[in-house]
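In what follows, every chain begins at residue 1, and chains take the letters A, B, ... in the order their sequences are listed. Atom set for the values below is all heavy atoms of this structure, side chains included, hydrogens, waters and symmetry mates excluded.
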Amino acid sequence: MAHAETHDPNTPLEYRSETGRLNILGFWIFLGAEIALFATLFATYMVLSHRVADGPALGELFEVESLLIQTFLLLTSSFTCGLAVHEMRRHNVKGLITWMAITLGLGLGFLYFEIQEFLHFIHEGANIGTSAAWSGFFVLVGTHGAHVTFGIFWVTMVLIQVAKRGLTPATSAKVFITSLYWHFLDVVWIFIFTAVYLMGMVTHNG
Amino acid sequence: MRRLKPFFTFGLLMAVFMLSGCSDMIVLDPKGPVGAEQRDLIMYSIWFMLFILLVVYALTAFIVYKYRDRKNHKGYDPDNEGSHLLETIWWIIPIIIVIALSIPTVKSIYSLEGPPEESKDQKPLVIHATSVNWKWVFSYPEQDIETVNYLHIPEDRPVLFKLTSADSMASFWVPQLGGQKYAMAGMETELYLQADEQGTYEGRNSNFTGEGFTNHTFDVMAMSDAEFEKWASETKADAPELSKGQYDKLMLPGHVKQMTFSSTHLDWVDHAKNPEYALDARERLGYEEKLPHSKAGKEEKKKREEEMKKLEESESHGDSHAH
Amino acid sequence: MANKTVANEHHGFPWKHLIGFVLSIVLTLFALWIALETDLSLTWILIIIFGFAFLQAALQLLMFMHVTENSTKSNLTSRVQIGNILFAAFVAIVIVIGSVWVMTAGHAKHDKDQHAPKTENHENHGGGSEHDSGEHGSHE
Amino acid sequence: MKWDEFFVTGDPMIYGADVSIVLTMVGILFYLTKYKKWKWLWDEWLTTVDHKKLGIMYIVSAVLMLFRGGVDALLMRTQLAVPEAKFLDSQHYNEIFTTHGTIMIIFMAMPFLIGLINVVVPLQIGARDVAYPYLNAVSFWTFFIGAMLFNISFVIGGSPSAGWTSYMPLASNELSPGPGQNYYLLGLQIAGIGTLLTGINFLVTILKMRAPGMTLFRMPMFTWSSLVTMVIIIFAFPILTVALALMTFDRLFGSHFFTLQGAGMDMLWANLFWLWGHPEVYIVILPAFGMFSEIISTFSRKTLFGYKAMIWSMLLIAGYSFLVWVHHFFTMGSGALVNSVFSITTMAIGIPTGVKIFNWLFTMYRGKIQFTTPMLWSLGFIVNFVIGGVTGVMLAMAAADYQYHNTYFLVSHFHYVLIAGTVFACFAGLIYWYPKMFGYKLNERIGKWVFWVFTIGFNVCFFPQYFLGLDGMPRRVYTYSEESGWGPLNMVSTIGGFMMGIAFLILVYNMYYSFRYAKRETTGDAWDGRTLEWSTPTAMPPFYNFAKIPEVTGLDHFWRQKQAGKVEKLKAEDIKPIHMPSNSGVPFIMASFFFVAGFGMVFEWMWMAIFGIIGVFGTLFYRSFEYDDGYYVSVEEVIETEKISK
């Protein structure tokens with residue numbers, strides 16, 4: 001609920017309305033719930049990761065090259081997303097939209113390589129129904145991918161609103177929240193990178 | 001307070017009833033060292049609990065009676081917010097109680113993982129207990145015999161049950177011999193039990209497994225060592241051999257009467273290692289679970305029951321060899 | 001109201017972001033190198049790479065996500081944000097480590113030798129091969 | 001799919017239900033049309049974002065679900081009254097205990113408490129609404145739709161029958177085919193979304209919307225308990241979301257998380273289920289603790305004893321609640337170390353709970369105790385809940401638990417905790433805050449009848465079950481033999497069950513009686529209360545709650561003002577325009593799409609599921625583009641509503 005408020009001119013726009021402040025705090029708490037959600041998926045994956053039945057072992061199919069491409073795309077997109085918010089706080093709409101568009105492009109690139117990788121695994125005889133381990137893999141990594149997909153749609157929607165309405169307390173709060181979401185996906189990916197790919201390759205080779 | 005009186009009286013009566021009725025309840029009337037250890041732990045904890053109840057009820061009765069709203073009310077102190085001394089007391093006392101309960105609990109947990117103390121030097125009899133909806137298959141690998149829905153054990157000797165399941169998660173429980181443990185497909189859990197008295201004890205699956213769960217039971221007959229050996233060798237000599245075809249039919253959901261065989265299914269399948277066996281067997285027999293309330297489901301159930309009857313007949317006619 | 005320092009930072013060059021980005025790249029590559037190119041024991045590798053992962057997560061939270069930022073004069077917001085993330089981390093660790101511990105303790109001995117597939121698994125299936133063969137697409 | 005698979009057939013009871021459902025629907029439609037109530041229904045209820053109205057809708061749904069779950073319970077008790085009864089067959093019995101458990105926990109206890117939280121908490125903290133009124137409506141409608149989806153299962157497609165815990169592989173496609181189990185998965189999933197949103201909403205509301213001066217350590221205990229509950233919800237519900245999703249994948253998309261095939265692990269389901277399930281127990285008990293704190297303090301006319309200890313013990317319980325889940329499956333053979341650790345953590349959770357009991361007792365000490373019905377329920381809670389508590393400690397002792405597990409001992413224990421704790425609290429809270437919601441009290445004389453019949457019935461029903469458990473009676477059996485010797489105690493138990501049923505009917509009669517005859521409240525302070533919700537001048541607070549946001553100077557602010565004779569009168573010049581959120585039909589429409597999606601998934605009609613999901617996202621995007629900043633209530637309107645002279 002918006003109240004007439006006076007503000008330090010340095011206060012970022014997204015914090016200037018009561019709604020903006022509440023929504024940002026609420027989203028942080030939502031991210032806490034997301035952490036519990038992904039933790040459960042990680043737990044499932046870790047418990048099941050050696051239960052491959054007659055299918056291939058996980059580490060057997062992982063490839064460093066594709067992994068690195070995906071990781072760099074996502075890490076860079078998190079960086080550019082941060083720059084977008086930086087530009088927003090300088091009230092530079094054009095900078096915001098440019099950096100966000102680059103972020104989206106990198107996100108799409110990430111998705112492309114992830115889908116390629118999934119197709120490769122399926123081609124090699126590993127799909128969601130192959131074994132408990134692969135079920136765990138596809139649902140964990142797939143849930144992250146689905147989050148990225150949703151994020152791309154969401155960021156696009158918000159950018160349209162920014163383009164239409166300019167930077168207002170309402171739109172900037174939305175941009176800020178989507179940026180939190182995007183960075184969070186990067187955090188999740190770091191753990192997927194470590195717990196799924198690195199561990200899978202280490203235990204398979206070792 | 002007068003209004004609350006019947007309430008407390010009722011509670012007290014219940015407590016008395018609880019104490020006097022103890023020995024009639026089978027969990028508190030164990031016939032072996034495992035059950036006895038658990039009974040002792042239960043009784044130990046019950047005394048603590050009755051003490052706690054007594055303290056809380058006495059305090060409640062006193063306070064509610066004394067400070068009820070009445071004319072010329074005394075001792076009213078609306079701003080009494082707390083007392084560090086009192087609060088410290090009721091933080092510490094529960095902590096002491098928890099410690100007092102934890103020590104014997106942990107001791108028992110560890111001791112129940114192995115054979116009972118008193119018969120540690122004896123070699124335990126190994127029995128594989130396999131649950132399949134809704135029957136129990138018992139394999140004696142040393143004696144090379146197999147029974148369904150009943151088992152014989154020697155008294156005064158520890159029995160090591162290796163539990164597993166062909167389908168639903170079941171729980172193997174013989175209350176008078178001791179506590180239960182889960183039997184799960186693709187897993188093997190171990191449970192030591194021992195009977196110190198001869199007799200027949202009821203055992204059952206206590207974890208819900210669907211439609212036939214209620215009758216998912218078996219009998220345990222404890223007998224002297226000599227009688228047991230005699231039974232085992234006679235069974236080995238006289239009982240029909242278990243065929244794969246028969247065993248597959250056992251994998252269908254349903255009940256059968258008690259059965260006996262002179263060989264075990266462990267020769268070709270261990271469900272702890274192959275959790276898919278039962279489903280494959282059902283598929284081979286062309287059986288598929290249908291919606292229980294649909295016409296197809298009811299027909300399927302009838303078909304299964306007939307199959308079970310045939311299986312029971314085949315065992316008694318001994319035509320299993322023909323397979 | 002956010003304090004001045006937070007807002008002022010955003011008028012200059014985004015050093016914070018750049019440092020965060022470079023560090024995250026370095027940490028990633030280093031984790032990869034530790035995992036694939038060194039001869040450390042599995043335990044050490046796991047400790048190091050997970051240490052790096054948590055470090056990187058902290059980087060994202062501090063450098064990119066402004067987790068310590070206050071939207072009002074009281075410190076409540078940033079405390080809630082940080083407390084929320086810390087409690088989430090506690091729950092996450094309980095869920096992951098707890099599940100793995102509970103699901104393997106007491107079951108590890110019979111669990112490993114049947115589902116780690118390949119040779120052992122074929123023994124298991126060997127006995128029932130009469131019925132079993134051809135049921136599963138074998139991979140080798 | 002054949003017709004006999006779509007509609008449940010063959011059972012006269014089901015046909016009876018079919019007929020009564022159709023008649024009720026026709027009756028409602030007829031009433032709405034004849035009395036031209038459609039617009040009223042839409043404007044006042046379906047599109048409302050007012051926390052008080054949403055709260056009332058939660059409570060009404062919960063009472064309906066209590067009726068449904070209660071009928072299930074009585075059917076079970078009837079079947080078990082005598083040995084070898086033929087009243088229900090096994091399948092039917094299994095469906096009934098499954099729906100009983102699920103409905104009572106997810107669709108009765110939680111919404112009842114969340115309903116009371118909705119009504120009371122914003123008022124207690126001096127706020128005009130919650131932080132996200134729109135989201136609050138989404139929460140309610142997703143809960144409601146989830147509940148409806150689950151409930152239609154018994155006439156369409158068949159009810160789930162794998163127990164409310166739905167252990168795998170029993171709940172898998174191979175052993176429980178068909179829509180029944182899917183209803184469970186989808187109904188809970190959709191309702192769970194609402195619960196998670198409620199968690200976030202109320203956490204932020206309590207943290208950020210408090211009246212000036214109300215620091216965290218000046219908040220009423222019910223608000224505190226709600227805050228802690230919301231924290232548990234936020235971190236526990238995602239676990240359920242994932243567990244349900246994984247089982248849904250197993251059933252619909254051929255994955256192998258918990259299945260017999262593909263090296264799936266059935267134990268993992270139990271692990272994930274209880275990782276959520278144990279915190280869930282505290283989600284339904286902590287608000288109850290909060291309510292009893294308020295009620296005992298109010299009717300002892302005394303400050304709560306050990307306010308800070310009460311808060312710290314709740315925080316401790318919240319942390320602990322994530323560390324004890326394994327006690328639900330001590331018998332799965334995880335080894336001595338695991339069992340020992342979880343035995344001790346579980347017993348330790350009894351310590352803060354015990355502390356709370358003593359603090360309640362000493363709140364009454366040196367008080368002036370009035371035996372109103374809410375207070376009777378609270379005293380009944382202390383006396384009965386302790387029995388549930390101590391048997392809980394007994395169950396925590398893993399070595400002994402091997403004998404209690406899966407028996408009626410356990411059944412009795414959790415009913416002592418959940419009925420004497422949660423249900424007593426729901427009744428106590430409902431009666432206590434009834435005048436806040438409807439402007440009049442429930443009749444006290446009839447209310448006392450309800451209390452005594454229910455409490456005695458409750459003990460008659462469940463106390464014998466401890467002994468049945470120790471006599472080896474497992475839970476979930478649909479019948480038992482004559483020789484088992486369980487007959488007499490089961491008969492006693494059934495009699496107790498029906499007494500509880502009668503008490504419920506008297507309660508409903510009381511609602512009707514009080515609606516007709518109760519004296520209407522003239523002030524907002526029906527019970528001489530202590531906290532801000534009683535400070536509104538009118539019996540039922542206006543939609544904006546407070547014309548002027550109060551300034552709080554301490555704990556029990558309103559009570560202290562009254563004691564000092566300094567209750568502020570609202571003056572016309574203090575009134576400023578009030579900003580309020582606008583109503584919205586989107587939450588209701590979004591929930592309807594959820595229903596379509598859920599129903600499609602249940603029957604595996606993917607076209608329908610996809611249509612529903614697209615609809616859900618459509619409403620999300622629609623909302624994203626909607627810039628509705630609400631509206632202002634004019635000073636004149638406020639003055640009119642508050643009936644103050646200029």
**OP:** Over 60° means perpendicular and under 30° means parallel, so classify the ring planes of B:Tyr182 and D:His405, tilted if in between.
**Re:** perpendicular
**OP:** Hey, can you tell me if D:Phe362 and D:Phe305 have their rings parallel, tilted or perpendicular (30° and 60° cut-offs)?
**Re:** tilted
Non-hydrogen atoms of chain D under 4.5 Å away: do they reach the side chain of [X], the backbone, both or neither?
X	answer
B:Glu81	both
B:Trp91	both
B:Thr209	backbone
B:Phe213	side chain
B:Leu191	neither
B:Leu279	side chain
B:Arg282	side chain
B:Ile52	side chain
B:Ser83	both
B:Ala278	neither
B:Ile42	both

Atom group of [X] that falls short of 4.5 Å from chain B, counting heavy atoms:
X	answer
D:Ser161	backbone
D:Ile351	both
D:Phe330	neither
D:Leu555	neither

Original post:
Counting heavy-atom pairs under 4.5 Å to chain D, which of B:Lys290, B:Lys66, B:Arg204 comes out on top?
Top reply: B:Arg204
Original post:
Okay, side chain of B:Thr164, backbone of B:Met187: is any donor-acceptor separation there less than 3.5 Å?
Top reply: yes
**OP:** Indicate yes or no for a side-chain donor-acceptor contact from B:Lys181 to the backbone of B:Glu190 under 3.5 Å, with no hydrogens or angles considered.
**Re:** yes
Original post:
Are side-chain N/O atoms of B:Glu211 and D:Ser90 paired as donor and acceptor at under 3.5 Å?
Top reply: no
Original post:
Can B:Asn133 and B:Ser168 be counted as having a side-chain donor-acceptor contact under 3.5 angstrom?
Top reply: yes
Relative to chain B, which of [options] shows the most heavy atom pairs under 4.5 Å?
options	value
D:Asn359, D:Ile387, D:Asp556, D:Thr407	D:Asn359
D:Leu468, D:Asn173, D:Asn406	D:Asn406
D:Ala400, D:Ala398, D:Gly367, D:Ala348	D:Gly367
D:Leu175, D:Thr363, D:Leu260	D:Leu260

